[in-house]
Every structure is written in C-alpha cells, then in structure tokens.
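The next block holds one structure in the form of structure tokens; read it before the comments.
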2 protein chains.
Amino acid sequence: MTALTEGLQDYLEAILLCERENRFVRTKHLAERLGVKSPSAHAAVKELTRLKLVEHESYGHIELTPEGRREAESVYSKHKVLYHFFAETLGMPPKLAEDTACGIEHHLNDKTTGKITKLLDFIERKTKEDPGFAAELKRALSDE
Amino acid sequence: MTALTEGLQDYLEAILLCERENRFVRTKHLAERLGVKSPSAHAAVKELTRLKLVEHESYGHIELTPEGRREAESVYSKHKVLYHFFAETLGMPPKLAEDTACGIEHHLNDKTTGKITKLLDFIERKTKEDPGFAAELKRALSDE
DNA sequence: TAAAAATATTAGTTTAACCTAATTGTAGGC
DNA sequence: GCCTACAATTAGGTTAAACTAATATTTTTA
C-alpha cells in the first residue's frame, strides 16, 4: 500500500478533472485549481511521478498512469457521494457542500462510502415513492 | 479567529477526555491517547499554552482555559454526532466508526453538524415509530 | 534520605506542505 | 531568426508535525 497523503490525493483528483476540461494538464492548471503556486504543484507532480502515479516529461504535460487513474477516480467517487449527501440530501449551499466534501473525502474507506451510498439511495427512493415521507424529511431538516 | 490546526484540535479533545478519566492530565496521557511520543505532546501543549487555550506549569498538570474548553467541546460534540451516524445509523464496526469520526470531525462546521443531527434524529424517530421503516432501512443498508 | 524509576523537557533531525525569488525553456509575433 | 512573454523549474526558506537521544526533575522505594 502506498499510503498516499491527502495532499497528493488532491493533486490526483485535480489532474483527473483538469484532463476533462482541458484535453491536457499542465502545472499551471493544477496550481490554479488547488489554489497554490506553481512550484508547489511542480513538487507534488514530481513526487507523484516518483510513485508512478503520473507521467510527466519536463516542460510537457502531465498524465495519469493506470494506477494513478484508479486512485484519482476512487477519491473523486467519494467526493461525488459526499457532495450529493451535503447538497442534495441535507440541502446545504453548493459552495459549502463542495468544500466540506473536499475535506472529508480522504477519510472514508470504500466500505463506509458504500454504506453512505446505500443510505442516500434509500432516502432518495422513499422521497420519490412517498410524498408524505419527502415532506416529513424536508420539515425535519429545515432550520425553523 | 485562531485558525487552530487539526492536530491541535485533537490535543484539545484529548485533554477534555483525559480530564474525565484521570482527574488530571499529563503529557504522558495525551501522548498515549494520541499515539505519539511525549516530546510531540509536549510541543503541542506548549503551542496551546501560547494560544491561551490551556494552562500548564512545568512538570505540572495541564488544564483547559474556558476558551480551550469551548473549543474542545465543540470538536468533541462533532465527534459524537459522527460516531453515532457511523456506528448506530450505518451499523459500522465501533473501531472503524471511531476512526472515521476522528478523521472527519475537523471538517464540519456547526451548520453542517446541525443538519446531520437533524437527519439522525429524523431517522431515529421514524425507526422507533414505524417498524416497517426500520426493517426497510436495515435491508437497504445490509451488504447482501 | 539517597538511589532508582518514571516522567517531562530540551535539542536537534526529518518530512510534507507551502512560499518567494531567480533561472531556464518554449512558442508566437515581428 | 530574434525577442518577448509566459510557463516551468530550481534554489532556498518557513511552518507544523512527528521522531530520537540526551538531560532535568519529580516521585517512589529500599
């Protein structure tokens, strides 16, 4: 096991998302997305390269290895579940839901994420099937 | 605002809990509880002293200031809500629920914690009132 | 009470993040 | 083809957290 730090997980996730938006990924993109300066992003990419999670030739663009992609997708899938939980289920504002998901995503293992997913699916199903339930839940969560 | 690091929040929480178990708190207790060596705990306590969140005379015991206690209790209350969520609601094993709560507690603001609490209360109430609901939920969460 | 054991503290090192400032490389416009 | 602007990299410094090893203090016990 690699015991990837939270920081490096964030970089992997950022690479995955930049890839989708930009067709290729550069130091600058990561720095912007993560709110750090380029030398910081550069150092992180260097370490990810050492760990064989990305490939990066000097002054070129950055690519995930299969292993890096697996890792990145694992983090991102947790992110999505959490975002859904905070934004949709709990009705928190998008920005806060996003930031909270970011902070937490590194601390869930797959089992836990699975459980949360099941709970969300259950709540969603009940909400669709039973308008009474939906109303009750909404009322219970409101800040009256 | 003090912008307390996660690490220091952990120490405050540990002081609060040691207090309840031991009548007084020493460097050694914190180190044991947090799984670090005494010099690390010592350094943390020194920093907390500088921040006026604890009082600590050399070779003596460690006490929370009112401000430190408020902070410690805020962290611990989040911990409890999360533990309840993972262990009771999701049915995860105690140790895992505990560890997960520890990792996450620093990333929730009061609003978010409030929302989660409301959701848990709602689920608990429904579960008590309606055996059918309880069974459905249990089934939805099972790893069949 | 003096020696031994336990605990606390200090000193100095390491690692992972970040930063700024300085340098090197690349690519487009003239 | 050269110059400029932008981007990437390197160099060197900071902070928070941990560690080990060494020293100091307190407590226990013989």
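All chains are named by letter (A, B, ...) in the order of the sequence lines, taking the proteins before the strands, and each is independently numbered beginning at 1.
- Distances shown here put every side-chain N or O of B/Ser38 at or beyond 4.0 Å from the OP1 or OP2 atom of C/dT9.
- Using a 4.0 Å cut-off on heavy atoms, the residues of residues 39-46 of chain B that approach DNA chain C are B/Pro39, B/His42, listed by number.
- Between the NZ atom of A/Lys28 and the P atom of C/dT26 there is a distance of 17 Å, given to the nearest Å.
- The residue A/His56 sits close only to the backbone: its heavy atoms come under 4.0 Å of sugar-phosphate atoms, none of a base.
- Remark: side-chain polar atoms of A/Lys115 are not paired, donor with acceptor, to backbone N or O of B/Met92 under 3.5 angstrom.
- For D/dT9, the OP1/OP2 oxygens have a side-chain nitrogen or oxygen of A/Ser58 closer than 4.0 Å.
- Spacing between atom NE2 of B/His106 and atom P of D/dA16 amounts to 17 Å, rounded to whole angstrom units.
- The CG-C1' distance, from A/Asn22 to D/dA7, rounds to 15 Å in whole Å.
- A donor and an acceptor atom, one from each side chain of A/Asn109 and A/Thr112, are located under 3.5 Å apart.
- Between B/Phe122 and B/Phe133, the ring planes are perpendicular. Angles over 60° get that label, and only those under 30° would be called parallel.
- Separating the NZ atom of A/Lys37 from the C1' atom of D/dG12 is a distance of 18 Å, rounded to the nearest angstrom.
- Not counting sequence neighbours, the partners of A/Arg70 by the salt bridge (charged side-chain N to carboxylate O under 4.0 Å, His left out) test are A/Glu67.
- Residues passing the salt bridge (charged side-chain N to carboxylate O under 4.0 Å, His left out) test with A/Arg26, sequence neighbours excluded: none.
- By the 30° and 60° cut-offs, the orientation of the rings of B/Phe24 relative to B/His29 is tilted.
- Whole-Å rounding puts the B/Leu30 CG to D/dA17 C1' distance at 15 Å.
- Listed for the A/Thr27 side chain is no donor-acceptor partner under 3.5 Å among the backbone atoms of A/His42.
- Toward the 5' end of DNA chain C, the nearer of the two residues A/Leu8 and A/Arg26, judged by each one's closest nucleotide, is A/Leu8.
- Between the NE2 atom of A/His61 and the P atom of D/dC6 there is a distance of 22 Å, rounded to whole Å.
- Straight-line distance from the CD atom of A/Glu47 to the P atom of C/dA16: 6 Å, rounded to whole Å.
- If you measure from atom OH of B/Tyr59 to atom P of D/dT26, you get 7 Å, rounded to the nearest angstrom.
- Taking every side-chain heavy atom of B/Thr5 into account, D/dA17 is the closest of C/dC19, D/dA17, C/dT9.
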